[in-house]
Colleague: 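Before anything else, here's the structure in question.
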Amino acid sequence: MIITPRVRGFICLTSHPEGCAQNVENQINYVKSKGTIDGPKKVLVIGASTGFGLASRITSAFGSNAATVGVYFEKPSAEGKPGSPGWYNTAAFEQKAQEAGLYAKSINGDAFSDEIKQKTIDLIKADLGQVDLVVYSLASPRRTNPKTGVTHNSALKPIGQTFSNKTVDFHTGNVTEVSIAPANEEDIENTVAVMGGEDWEMWIDEMKKAGVLAEGAVTVAYSYIGPSLTEAVYRKGTIGRAKDHLEATAFTITDKLKDLGGKAYVSVNKALVTQASSAIPVIPLYISLLYKVMKEKGIHEGTIEQIQRLFQDRLYANGEVPTDEQGRIRIDDWEMRDDVQAEVAALWEQANTENLSEIGDLQGYRTDFFNLFGFEVDGVEYEKDVNEVVEVPGLV
Ligand code: NAI
Ligand code: NA
């Protein structure tokens, strides 16, 4: 079939297998171009199919020759219906990995459930014995806690007072004022339950009990801080409470891994266009200004550049892993540079519907958004018929 984008707000209902495959190939080529990393050898990535998790899997495999197991929640392709982008990304990745002689298998299902954790542990036991790195990169609007059976829905709200600021509809370029009413206690608790560290700790507990964590195993989860501009809705909002919890959980997990000589890290990453971030109000406007400034300075990075640098210069640089005073790895260092933030803040003041495509990188935002779904990717012939049914070679 011929597949075209069908956009509804901040999601796209269709995705293109060849565009997704090309994105994955580009990421693989980037990692290879940066040389070998003295990194992990057997890796589990939870949330492995898109965004930072996919980049982590690609960096592990093609930067460090690692065997990888990926866990994700994606829609398979079917006759007449494209699968979700993470399905096609994983198909392309596993094909390339297996061609390169690298072990690559995956599990599609709810990572929050006991069942998927058990299935993953069984697979590791049978095929790899143990893993030396666990990447935790889930982004989800809801989670059913397997112990209580309660389903929690996260909220993206400020805490304490209504937040009003500019936002953009990145399709139309319309800059408007948005007001978001404050969260109640329940919103906060639910968001922490979904995006905090509880499930990360459950994974590590189960894996340790099963003996599938190697001596010196490392685990890393991803966080975000960002500027004062977005603080009320992000870091000091409901999602920020969840990130506080996630960051605190790293210390809890490190304690639990002491006898194995293992360690848990949180890496604070740069703001980027992903399916998760396009859903957060105000963030798309910030990102479009940030992209403009960082591209002009020659320091723009995408998910693969971020994670490749995280592995090469931080996690596996040999020696002490550099962290901030709160123990966090900072790979958002270029985003948070004073000169970058001062310029973004000045542009923010001026930004309106008329000037945004000039002063901001609205086009870059849109292209990245369409790229997530395999569209607008260079070198792909979109007018050509493609087979929408694609197998994931390592799917268990
Ligand atoms: P994403 O939406 O691209 O990836 C989410 C992944 O989680 C996908 O592989 C998806 O299949 C998987 N997933 C979601 N629900 C699942 C479930 N129930 N079971 C199994 N798999 C499930 O998101 P992104 O942006 O890569 O986010 C990953 C982490 O990075 C999050 O913790 C996010 O807060 C963090 N982060 C994101 C930033 C951004 O600007 N996008 C910046 C800094 C941190
Ligand atoms: Na991810």
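Every number for a ligand or one of its atoms is a count from 1 in the order of the listing.
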Colleague: State whether the shortest distance between N or O atoms of Gly53 and N or O atoms of ligand 1 falls below 3.5 angstrom.
Modeller: no
Colleague: Within the distance-only criterion (no hydrogens, no angle test), does the side chain of Gln312 pair as donor or acceptor with the backbone N or O of Ala317 below 3.5 angstrom?
Modeller: no
Colleague: Identify, by atom number and element, the atoms of ligand 1 in contact range of Gly109, meaning under 4.0 Å from any of its heavy atoms.
Modeller: 19 (N), 20 (C)
Colleague: Just wondering, more than 12 heavy atoms not from Glu115 lying within 6.0 Å of its CD?
Modeller: no
Colleague: Under a 4.0 angstrom heavy-atom cut-off, which atoms of ligand 1 come close to Gly51?
Modeller: 3 (O), 26 (O)
Colleague: Say whether Met195, considering both its backbone and side-chain N or O atoms, lies within less than 3.5 Å of an N or O atom on ligand 1.
Modeller: no
Colleague: Does a salt bridge link Arg309 with Glu301, judged by any charged N lying under 4.0 Å from a carboxylate O?
Modeller: yes
Colleague: Between Thr274, Val266, Leu54, flag the one that comes closest to atom 25 (O) of ligand 1 by a heavy atom.
Modeller: Thr274
Colleague: Give every donor-acceptor pair under 3.5 Å between a side-chain atom in residues 384-396 and any protein atom, sequence neighbours left out.
Modeller:
from: Asp385; atom 1: OD1; to: Met1; atom 2: N; distance (Å): 2.9
from: Asn387; atom 1: OD1; to: Val389; atom 2: N; distance (Å): 3.0
from: Glu388; atom 1: OE2; to: Gly80; atom 2: N; distance (Å): 2.6

Colleague: Atoms of ligand 1 less than 4.0 Å from Ser223 heavy atoms?
Modeller: 43 (C), 44 (C)
Colleague: Evaluating non-hydrogen atoms only, which member of Leu246, Asp110, Ile225, Thr303 is closest to atom 18 (N) of ligand 1?
Modeller: Asp110
Colleague: Judging by distance only, is a nitrogen or oxygen of Gln275 under 3.5 angstrom from one on ligand 1?
Modeller: no
Colleague: Arg143: heavy atom below 4.0 Å from ligand 1, yes or no?
Modeller: no
Colleague: Should we count NZ of Lys41 as having more than 12 external heavy atoms under 6.0 Å?
Modeller: yes
Colleague: State plainly whether the residues Lys263 and Asp255 are in salt-bridge range, i.e. N to O under 4.0 Å.
Modeller: no
Colleague: Is the number of heavy atoms from other residues, nucleotides or ligands within 6.0 Å of NZ (Lys42) greater than 12?
Modeller: yes
Colleague: Within the 4.0 Å heavy-atom shell around Glu74, which atoms of ligand 1 are there?
Modeller: 10 (C), 11 (O)
Colleague: So, is Val71 polar-close to ligand 1, with some N/O to N/O distance under 3.5 Å?
Modeller: no
Colleague: Would Leu272 count as a polar contact of ligand 1, with the cut-off being nitrogen or oxygen pairs under 3.5 Å?
Modeller: yes
Colleague: Should Lys270 be listed as contacting ligand 1, given a heavy-atom distance under 4.0 Å as the test?
Modeller: yes
Colleague: Quick one: which of Ala111, Ser140, Ala48, Pro85 has a heavy atom closest to atom 19 (N) of ligand 1?
Modeller: Ala111
Colleague: Counting each atom of ligand 1 from 1 as listed, which ones have a heavy atom of Ser49 under 4.0 Å away?
Modeller: 8 (C), 9 (O), 10 (C), 11 (O)
Colleague: Under the side chain to side chain donor-acceptor pair (under 3.5 Å) rule, collect the residues that match up with Lys243, sequence neighbours excluded.
Modeller: none
Colleague: Below 30° counts as parallel, above 60° as perpendicular, anything between as tilted: where do the rings of Tyr136 and Trp200 land?
Modeller: parallel
